[in-house]
Amino acid sequence: MATSGKIIKCKAAVCWGPNKPLSIEEIEVAPPKDHEVRIKIVATGICRSDEHVLSGALDYVKFPIILGHEGAGIVESVGSSVTGIKAGDKVIPLIVPQCGKCRCCLNPESNLCYKNYFGKCDGTIMDNSTRFTCKGIGVYNFLGTSTFTEYTVVDDISVAKIHDDAPLDKVCLIGCGFSTGYGSAINTAKVKPGSTCAVFGLGGVGLSVIIGCKVAGASRIIGVDINTNKFAKAKELGATECINPKDYDRPFNEVLAEMTDDGVDYAFEVIGNTEVMESALSSSHFGCGTTIIVGVAPSNAKMSFDPLILLTGRTLKGSSFGGWKSRDHVPKLVCDYMNKKFNLDKLITHKLGFEKINEGFQLLCNGESIRTVLTL
Ligand code: COD
Ligand code: ZN
Ligand code: ZN
């Protein structure tokens with residue numbers, strides 16, 4: 001490519017600090033170094049964690065930063081030592097890398113990688129710097145991906161090559177929200193045919209849990225949310241019934257126990273609220289129920305429960321990125337989507353041009369959108 005090895009000037013949505021609108025700026029994107037890949041982003045979803053940074057809820061984040069972590073694009077150029085990926089390939093940047101060598105990568109039961117950005121949390125990629133500058137100032141990277149820009153540079157362990165015919169404006173959701181929810185049902189819970197599930201929280205991730213439960217053959221999928229506006233979409237995607245805990249003046253686990261012959265087989269917390277986590281755990285069946293925590297609670301929050309609750313046979317698990325080993329599984333998920341194993345199109349409620357990014361955040365904050373996809 002003509003741009004290979006050169007600095008690229010392009011547009012990006014720069015976040016200069018919390019509680020400020022994102023600002024579309026011209027930035028400079030340096031060429032990829034050893035083991036790095038420069039990507040032309042074609043489409044990106046706006047995910048809840050991006051909004052958490054904007055609203056100041058993630059206090060460790062440094063500024064200025066380019067947010068966005070649910071994108072898809074086309075490789076512009078690759079640095080030295082990169083194998084298996086070349087210019088022109090369609091790719092999805094990954095928030096959970098897969099180095100293939102660490103203890104977690106070598107364990108088939110884990111999808112974490114020791115080289116992850118959550119642990120680093122310093123706004124850089126693996127070499128501890130970023131490739132972005134704006135007005136002469138270095139700009140931080142978000143979750144190793146930074147997709148709210150026409151061009152980004154990511155580590156080669158954090159990029160999955162996907163099918164040449166994949167529709168990038170749809171499969172971008174496989175980069176975070178869809179895979180996180182869907183995989184928590186398929187991989188982490190391993191939902192069985194005929195089982196009963198309860199999904200607490202019906203945002204984009206909770207709805208993706210519902211899609212997973214349905215694909216796995218659950219016979220009852222109970223959607224739980226305090227916002228009844230979410231119920232219609234949940235039912236469209238596979239919820240067999242939806243309930244609002246606010247409609248009851250007794251402990252919600254009692255309500256679910258009555259409805260489900262003493263409790264659900266699988267309960268999913270997809271909000272990030274410790275009280276709901278406790279409620280989900282007690283809603284699972286005492287002898288054989290499994291509870292999966294998908295939501296991330298505020299940093300000082302603690303869950304509290306009588307350990308006896310587990311002793312009779314309950315299981316409590318957590319799930320990040322849906323348990324998928326990212327580089328291995330993301331290309332397969334893209335093929336599964338293309339082969340119509342699941343349909344994520346209904347999660348996309350809005351499509352906007354990149355320059356309307358602030359409008360997209362507004363839609364998420366108002367609870368009006370499930371996912372807005374921005375096209376660049
Ligand atoms: N009881 C029932 N429903 C509730 C309650 C409650 N007490 N509080 C909120 N809700 C509902 C809301 O009405 C809403 O419908 C839903 O819960 C939450 O949906 P969203 O749209 O805010 O969130 P999602 O689905 O896009 O994301 C949910 C996560 C749990 C993934 C997210 O909030 C989170 O914890 N993110 C950080 C974790 C993570 O994986 N980060 C990596 C990149 S995102
Ligand atoms: Zn996300
Ligand atoms: Zn690893």
Side-chain angles (χ1 to χ4, degrees), residues 44-53 55 57-58 67-71 93-107 110-119 126 142-145 147 155 157-158 172-181 183-184 198-210 223-231 233-234 242-248 252 268-280 283 292-299 301 318-322 325-328 347 349 363-372:
T44 177
I46 300 178
C47 188
R48 187 53 72 178
S49 299
D50 303 312
E51 191 270 318
H52 282 162
V53 176
S55 64
L58 298 185
L67 301 173
H69 62 281
E70 201 176 72
L94 304 168
I95 52 173
V96 180
Q98 188 185 350
C99 79
K101 294 175 186 155
C102 72
R103 179 167 169 185
C104 286
C105 282
L106 292 172
N107 184 335
S110 172
N111 76 319
L112 203 70
C113 174
Y114 274 48
K115 293 191 169 183
N116 66 73
Y117 306 99
F118 305 107
M126 287 303 157
F142 186 52
L143 296 175
T145 48
T147 58
D155 296 298
I157 56 171
S158 310
C172 56
L173 298 199
I174 291 175
C176 185
F178 172 76
S179 305
T180 299
S184 69
V199 181
F200 293 74
L202 303 175
V205 181
L207 294 173
S208 302
V209 175
I210 289 180
V224 182
D225 204 296
I226 49 176
N227 180 354
T228 51
N229 292 332
K230 306 276 176 163
F231 291 180
K233 178 80 67 173
C242 286
I243 43 177
N244 182 349
K246 288 193 169 166
D247 289 344
Y248 303 88
F252 192 61
F268 298 86
E269 201 280 354
V270 205
I271 301 162
N273 176 321
T274 50
E275 279 178 29
V276 180
M277 292 172 189
E278 291 159 16
S279 173
S283 303
I292 311 290
I293 291 177
V294 182
V296 174
S299 39
S319 180
S320 67
F321 197 56
K325 281 189 183 286
S326 60
R327 296 186 76 199
D328 289 349
L347 300 173
T349 51
L363 290 165
L364 186 65
C365 293
N366 297 344
E368 281 176 64
S369 64
I370 296 298
R371 272 296 186 276
T372 295

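Note that the coordinates shown come from a computational prediction; the quantities given were computed from them, not determined experimentally. Counting starts at 1 for both ligands and their atoms, following the listed order.
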Which of the numbered atoms in ligand 1 are below 4.0 angstrom from a heavy atom of Lys230? 15 (O)

Report for the Zn ion (ligand 2), protein N, O or S closer than 2.8 Å, by chain and number, lists Cys47 SG, His69 NE2, Cys176 SG

Could you tell me whether some N/O pair between Ser49 and ligand 1 is separated by less than 3.5 angstrom? yes

Is there a side-chain contact between Arg327 and Pro97 in this structure, where contact means two heavy atoms from C-beta onward sitting under 4.5 Å apart? no

Asp155 side chain vs Ser158 backbone, donor-acceptor pair below 3.5 Å: no

Give, for atom CD1 of Ile293 and atom CE of Met277, the distance between the pair rounded to the nearest 0.5 Å. 5.0 Å

Taking N or O atoms only and a 3.5 Å limit, does Val296 qualify as a polar contact for ligand 1? yes

Go through it in stages, so that I can follow the logic: the residues are Ile210 and Leu202, the test is side-chain contact (heavy atoms from CB on, under 4.5 Å), and I'd like the CA-CA distance, side-chain angles, deciding distance and then a yes or no. CA-CA 9 Å; Ile210 289 180; Leu202 303 175; 3.7 Å; yes

Between Ser179 (side chain) and Ile174 (backbone), is there a donor-acceptor pair under 3.5 Å? yes

Decide side-chain contact (heavy atoms from CB on, under 4.5 Å) for Ser208 and Leu347; before the verdict, give the C-alpha distance in whole Å, the side-chain angles of both, and the deciding distance to 0.1 Å. CA-CA 8 Å; Ser208 302; Leu347 300 173; 3.4 Å; yes

Which of these, Ser326, Cys105, Ser320, sits in a side-chain contact (heavy atoms from CB on, under 4.5 Å) with Asn111? Ser320

Pairing donors with acceptors under 3.5 angstrom, does anything connect the side chains of Ser184 and Ser319? no

Under 4.0 Å from a heavy atom of Val270: which atoms of ligand 1 are those, numbered in the order shown and with their elements? 28 (C), 30 (C)

Quick test: of every protein heavy atom, which one is nearest to atom 27 (O) of ligand 1, and how far off is it to 0.1 Å? Val205 CG2, 3.5 Å

Contact atoms of ligand 1, heavy-atom distance to Leu202 under 4.0 Å: 15 (O), 16 (C)

Considering heavy atoms of the protein only, find what lies nearest to atom 30 (C) of ligand 1 and give residue, atom and distance to 0.1 Å. Gly295 CA, 3.2 Å

The atoms of ligand 1 lying under 4.0 Å from a heavy atom of Cys47, numbered in the order shown, are 44 (S)

For a side-chain contact (heavy atoms from CB on, under 4.5 Å) check, start with the C-alpha distance between Phe142 and Thr147, then their side-chain angles and the critical distance, and finish with the verdict. CA-CA 9 Å; Phe142 186 52; Thr147 58; over 6 Å; no

Would you mind checking which non-hydrogen protein atom is closest to atom 23 (O) of ligand 1, with the distance to 0.1 Å? Arg48 NE, 3.7 Å

Value for CD1 (Ile243) from CZ (Phe200), rounded to nearest 0.5 Å, stands at 7.5 Å

In ligand 1, the atoms that come under 4.0 Å of a heavy atom of Gly201 are 16 (C), 17 (O)

With a cut-off of 6.0 Å (strictly less than), are more than 12 heavy atoms of other residues, nucleotides or ligands near CD of Glu368? yes

When distances are taken from atom 7 (N) of ligand 1, the protein heavy atom at minimum range is Val276 CG2, 3.5 Å

Need the ligand 1 atom indices (1-based, order shown) with element for anything under 4.0 Å from a heavy-atom of Asn227. 13 (O)

Considering non-hydrogen atoms of the protein only, which is the closest contact for atom 13 (O) of ligand 1, and what is the distance? Asp225 OD1, 2.7 Å

Atom indices of ligand 1, in the order listed, that fall short of 4.0 Å to a heavy atom of Arg371: 26 (O)

Before you tell me yes or no, could you show the steps for Asp225 and Phe231 under side-chain contact (heavy atoms from CB on, under 4.5 Å), namely the whole-Å CA-CA distance, both residues' side-chain angles and the distance that decides it to 0.1 Å? CA-CA 8 Å; Asp225 204 296; Phe231 291 180; 3.9 Å; yes

So does Ala280 get a backbone contact from the side chain of Glu269, meaning a donor-acceptor N/O pair under 3.5 Å? no

List-wise, which protein N, O or S atoms are found short of 2.8 Å from the Zn ion (ligand 3)? Cys99 SG, Cys102 SG, Cys105 SG, Cys113 SG

Okay, side chain of Asp50, backbone of Gly68: is any donor-acceptor separation there less than 3.5 Å? yes

Check if Gly177 has a non-hydrogen atom at a distance under 4.0 Å from any atom of ligand 1. no

So for atom NZ, which belongs to Lys115, do other residues, nucleotides or ligands contribute more than 12 heavy atoms lying within a distance under 6.0 Å? no

Contact between Cys176 and ligand 1, counting heavy atoms under 4.0 Å? yes

Would you say Thr180 touches ligand 1, if touching means a heavy atom closer than 4.0 Å? no

For His52, is at least one N or O under 3.5 Å away from an N or O on ligand 1? no

What protein heavy atom sits nearest atom 19 (O) of ligand 1, and how far off is it? Gly203 CA, 3.3 Å

If you measure every N or O of Gly204 against every N or O of ligand 1, does any of those distances drop under 3.5 Å? yes

Please confirm whether the backbone N or O of Ile370 pairs with a side-chain atom of Thr349, one donor and one acceptor, at under 3.5 Å? yes

Do me a favour and list the nearest non-hydrogen protein atom to atom 9 (C) of ligand 1 with residue, atom name and distance? Ile271 CG2, 3.7 Å

Please verify whether a non-hydrogen atom of Glu275 lies at under 4.0 Å from ligand 1. no

In this structure, does ligand 1 have an atom that sits under 4.0 Å from one of the heavy atoms of Glu269? no

Short N or O distance, His69 and ligand 1, threshold 3.5 Å exclusive: no

